[in-house]
Every structure is written in structure tokens, then in C-alpha cells.
Protein chains: 2
Amino acid sequence: MTKKRISESTIHRLSLYLRALSVLEKESHETVSSKELAKREKLTPAQVRKDLSFFGSFGTRGLGYPVSDLKKQIASILGIDRLWKVALFGVGNIGSALVSYKEFSRQGFQIIKLFDNDQRKIGSNHKGIIISDIKDMEKELQEAQIEIAVIAVPATVAQYIVDDVVKAGIKAILNFAPINLKVPQDVYLRNENMSMELEYLSFALVNNHSQKRPKI
Amino acid sequence: MTKKRISESTIHRLSLYLRALSVLEKESHETVSSKELAKREKLTPAQVRKDLSFFGSFGTRGLGYPVSDLKKQIASILGIDRLWKVALFGVGNIGSALVSYKEFSRQGFQIIKLFDNDQRKIGSNHKGIIISDIKDMEKELQEAQIEIAVIAVPATVAQYIVDDVVKAGIKAILNFAPINLKVPQDVYLRNENMSMELEYLSFALVNNHSQKRPKI
DNA sequence: CGTCTCATGTGAAAAGGTTCACAAAAAAAT
DNA sequence: ATTTTTTTGTGAACCTTTTCACATGAGACG
């Protein structure tokens, strides 16, 4: 059995399925068809089935997929059937918002450490977490057994912070700074560029860009 | 000449080129090769040339692309060689952060209207903008000539807000609520799902997912 | 001025991702 | 019990995107 590479798009869609399944569960649906699941996330039934088929056979022909079970399975595939310890760097604008961003905790991502280099912030309590000096990160990251770092510092200093984060042994980084960060091959880095989508909207508006929308 | 559909990925990469070009300009580079531009955003030279070729011939063989000029051209293609008037719905956690998010204003997106339904917030001044009652949106959106709406309200009410935003004539929406919003065909909708990338990191960590060049 | 080097622009090939279409299996109906 | 209906799972076909490879043009240099 060859381990085929799963595409980025498939993973992202798993997140969508999970979200839809949570709603379906709340609405007390026992099962759901690929058709219904697709409709709820503006995708095609074939896409749903194909995505799921990469990981196994979760459905019953003629009936559909068991909602609760599939939800658990996808959570397990995504690795969010557990808690992740997250540290956040830069308690500014975006950083503060992320600390109380419910969707993170709902998916099992716990921000339990805050770092900043501003002396006025260090030592103060932000939503129940004492802000640490960024200089102490190595020790503190290890003590708290942090597994994921979220970077919300200005672009000008982001690379320095990331270099230190990598040195401290972190293998997964989510970057909000608008800069292309360099990390070693074995470190997973993802970028969140919020103005990109606005730029896409701008492009679409001025160019009357035809919308690609899966027909259902 | 047939107007070929430009892919979403190409548009997103234009944003990256623009970012790199700004840095190059600051570093006083007159020209830049596709190779260098690619390196700065972890892409391939062929990709850069192909992307740009969809919109014209901006380079000089043997020399590369003129930095300042290409920057202007891309800004024009993306439609951000002008200012966009943006309204933000939901002055909570994420909403407040977005109001002072520098990257938006840097790209020409001006958040000039804030809406909320919380009576305690309505009428108060947030970073120089008076928060309006969401009930008055239609009149206020038209008076302020808003072109883009950013949704940062809870998922439970997002669809209602969006329905009203659409009724008020807005044709471009950036949604931060973790829900699949329904809009008419002629309205551009983009979603910003911040926990999706964390979920991807989680997946990568538990599955030792082989890294490919990030698509965006 | 001719040659050499560099780097673009672009068809063609390759790779990757999505949709189709249908056999197979289960449930529902008769 | 048999037929009909529903819906999955999946190879194959199709479509899109990326990468290759090279002709072409511009500047550099002796």
C-alpha cells in the first residue's frame, strides 16, 4: 500500500467537514449523505467522497455517513482529538485578539504562554496569563511543553523570533507577520495573511472576475 | 483574444510579489530577476514568469523586471492602486484588532465604518470611529459609499448580517465567522478561517506530512 | 561589431486535482 | 423475497496548474 500524499486542499476541506458535522450533530442528525455535506460547504458530493476515501470507508451505501462517528474520525485524522499547547509571540493588536479567539480553543488549541519584548507588558496578566519576556523563551517553552508557536510580532522582528523558536525545538509555526520566514526543512510553517483575501476581493471587483463555484 | 480565467493561486501570488517588491524597492534595487523574486517568496522562477505573463510583458530579457514599475503594475492589476472604503461588522475580539491592522491600510483598505448590535458599544468612539447601530447599516453604508464589508460577528448571527449587507448593495464580503455564508452569485465572498491553518499544522505534526512548497 | 551571457516569455509536457460514471452494497418498498 | 431506491467508493476521464525547456531579445564586453 503506497502512502499517497494528501493534498493541502483535502486537509482544508476536512476542517470544513468537521465544522459542518458539528452543526449536524447539534441538529440531531444521525447520518448525512455526501450530497448534504457538500451542500453545506459549497462543494460537490464527489469531492466529499473522494476526500474521505483517502482515509478509509466511513459510510454506508444507501444511507450515508454516521455524523458523530465521522466527526470523531476526522478529528482524529486532523490530530485534534487531543489538546495542543500553543505559545503566542507578540501580545499586540492581533495577538491579544487571538488569545481570546474561541475557535482555537474549540479545536483543542490552548494558548498557555504569552511572550512579548515590551517591558511594560512583561509580567502583566493578560486574560489570565502572565506575559513572559521573549528572552526567556527557550526555558519557558520547554517547561510548558509547548508544541506550536503563533507569531504575531511585527514583520521587522519576526525572523529573529522564529530563529529562536526553532532553536528552542518547536516544530510547528503559524505566522501572522506579512513576511516570508525561513525555517529548517523539518519545521512546519504556515502563513496567515489576512490582507491577501481583501486583495483578492479588490481584484475581483475591478476585473469582474468570474466566480468559480462548484455546481451542485 | 479570449479572456482566460486567472486562477486564485495566481492572484494570491501577485500579493506576494507585491510584498517582495516593496522590500526590494526599500533596498534600492532597480531591477529584479524572476529567480530572485521567486527565492524571496519560496516559489519557482518559472512560476513567477508564468504568473506575470498572464497580464503582460513587464520584464527585459537579460535584465529582469524593473522593481518600481512592476510594483505599480501589480498594484494596478490587483486594484489596490486606489483606496477602498471598508465597513467592519462586529467590534469584538477580532474586529477591534482588524481596525488597527496596519497591513489593511497599507494596501489601501480603509475601515471607515464600524457596526455592532451591543448597546454598550453603539455611539462610543473606537480608535477614532463612532460605532454605529447595525440596524442603521443600509443608510450608513450608502452615505459612506462603502464598497467592502468585513464580517467579524459571531457565527450564529453572521448570516443575518450578511443578508442585510447584501440588501444594502455591497458586492464584496470578507468573512471571519466560521460558517459557510450564502450570498447571491454576483456578490464576492471570501472566508478567513484562522483555525484552519492550525489544524493543518496539527495534521502535519501527527502524520509527518511531507512538506511541499506552500501553495500560498 | 560580433560574440557571449543572461534572463524573459511561452508553447509543450508533466503533474496534480476534480469530476464523472458506474458497480456494489445496503436500505426501503412492495 | 424480490424489486426498487439510495448512496457509497473508486478507477478513469477530464481539467487545471505547474514545471520544463528553449527560442528570443537585450545588454555587456572585448
Side-chain angles (χ1 to χ4, degrees), chain A residues 1-14 16-17 21 24 29-67 69-70 73-74 77 209-216, chain B residues 1-14 16-17 21 24 29-67 69-70 73-74 77 209-216:
Chain A
M1 190 182 113
T2 25
K3 199 170 154 189
K4 207 180 170 296
R5 195 185 177 278
I6 305 295
S7 84
E8 201 173 305
S9 310
T10 293
I11 307 305
H12 279 153
R13 282 192 298 268
L14 288 186
L16 297 182
Y17 303 148
L21 287 164
L24 284 158
H29 291 80
E30 295 259 304
T31 59
V32 64
S33 64
S34 57
K35 195 176 162 191
E36 173 66 17
L37 202 44
K39 194 181 138 211
R40 294 201 176 215
E41 294 295 340
K42 274 190 212 127
L43 301 164
T44 63
Q47 181 92 81
V48 172
R49 295 200 299 276
K50 180 64 92 177
D51 282 340
L52 295 176
S53 78
F54 291 134
F55 303 97
S57 303
F58 306 109
T60 304
R61 291 167 193 225
L63 192 62
Y65 300 91
V67 172
D69 183 56
L70 183 59
Q73 298 270 14
I74 294 180
I77 292 164
H209 197 235
S210 62
Q211 299 222 57
K212 195 176 168 181
R213 205 184 286 250
K215 60 245 164 172
I216 298 173
Chain B
M1 188 183 113
T2 22
K3 200 167 151 190
K4 207 178 171 295
R5 195 185 177 277
I6 303 295
S7 85
E8 201 172 304
S9 307
T10 293
I11 307 306
H12 280 321
R13 281 192 299 268
L14 288 187
L16 297 183
Y17 302 149
L21 288 165
L24 284 158
H29 289 80
E30 296 259 302
T31 60
V32 63
S33 64
S34 58
K35 195 175 163 192
E36 174 65 18
L37 203 44
K39 194 182 139 212
R40 295 203 176 213
E41 294 296 341
K42 275 192 210 124
L43 301 164
T44 63
Q47 181 92 81
V48 172
R49 294 200 300 276
K50 182 64 93 178
D51 282 339
L52 295 177
S53 78
F54 292 135
F55 303 97
S57 302
F58 306 109
T60 305
R61 290 168 193 225
L63 193 62
Y65 301 92
V67 172
D69 183 56
L70 183 59
Q73 298 270 14
I74 294 180
I77 292 164
H209 196 233
S210 62
Q211 300 226 53
K212 207 192 150 186
R213 222 186 296 282
K215 211 181 201 145
I216 300 172

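Letters go in sequence order (proteins before strands), and every chain restarts at 1. Not measured: the values here are computed from a predicted model.
Whole-Å rounding puts the B:E30 CD to D:dG27 C1' distance at 15 Å. D:dC14 atom C1' lies 13 Å from atom NZ of A:K50, rounded to whole Å. Atom pair B:L63:CG and D:dC29:P shows a separation of 13 Å (rounding to whole Å applied). Following rounding to the nearest Å, B:F58 (CZ) and C:dG9 (P) show an atom-to-atom distance of 9 Å. A straight line from CZ of B:F55 to P of C:dG9 spans 14 Å, rounded to a whole angstrom. Per the geometry, CZ belonging to A:F54 stands 16 Å off P belonging to D:dT8, to the nearest Å. Between the CD atom of B:E8 and the P atom of C:dT18 there is a distance of 11 Å, rounded to whole Å. Atom CG of B:D51 and atom P of C:dG9 are 12 Å apart (whole Å).
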### Task
Begin from the C-alpha positions of B:H209 and A:R5 and carry the test side-chain contact (heavy atoms from CB on, under 4.5 Å) through to its verdict.
CA-CA 8 Å; B:H209 196 233; A:R5 195 185 177 278; 3.5 Å; yes

### Message
Checking A:L70 against A:L52 for the side-chain contact (heavy atoms from CB on, under 4.5 Å) test, could you report, in this order, the C-alpha distance in whole Å, the side-chain angles of both residues, the deciding distance, and whether it holds?
### Response
CA-CA 9 Å; A:L70 183 59; A:L52 295 176; 4.1 Å; yes

### Task
Apply side-chain contact (heavy atoms from CB on, under 4.5 Å) to B:F58 and B:R49, showing your working.
CA-CA 10 Å; B:F58 306 109; B:R49 294 200 300 276; over 6 Å; no

### Task
Determine, step by step, whether B:V67 and B:E30 satisfy the side-chain contact (heavy atoms from CB on, under 4.5 Å) criterion, reporting the C-alpha distance in whole Å, the side-chain angles of both residues, the deciding distance to 0.1 Å, and the verdict.
CA-CA 6 Å; B:V67 172; B:E30 296 259 302; over 6 Å; no

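Side-chain contact between A:S7 and A:T10 is present, with heavy atoms from C-beta onward closer than 4.5 Å. The shortest distance between side-chain heavy atoms of A:F55 and A:I74 does not fall below 4.5 Å.
Between A:R49 and C:dT19 there is no side-chain polar atom (N or O) within less than 4.0 angstrom of OP1 or OP2. Between B:Y65 and C:dG9, a side-chain N or O to OP1/OP2 separation shorter than 4.0 Å is present. Note on A:S9: every side-chain N or O is 4.0 Å or more away from OP1 and OP2 of C:dG17. Residue B:S7 places no side-chain N or O under 4.0 Å from the OP1 or OP2 atom of D:dT16. Taking side-chain N and O atoms only, B:T44 has a distance below 4.0 Å to OP1 or OP2 of D:dT19. One finds no side-chain N or O of B:Q47 lying less than 4.0 angstrom from the OP1 or OP2 phosphate oxygen of D:dT17.
With the nearest nucleotide of DNA chain C identified for both A:G62 and B:S57, B:S57 has the one nearer the 5' end. DNA chain D is contacted by both B:I6 and A:G56; A:G56 maps to the nucleotide lying nearer its 5′ end (nearest heavy atom per residue).
When distances are taken from the side chain of A:S53 to each of D:dG9, C:dT8, C:dT10, the shortest belongs to D:dG9. Comparing C:dT18, D:dT8, C:dG9 by their closest approach to the side chain of A:R13 singles out C:dT18.
If you check every strand for non-hydrogen atoms under 4.0 Å, B:K35 touches nothing. At the heavy-atom level, B:T10 lies nowhere under 4.0 Å from the strands shown.
A donor-acceptor contact under 3.5 Å is formed by the side chain of A:R61 with the base of D:dT8.
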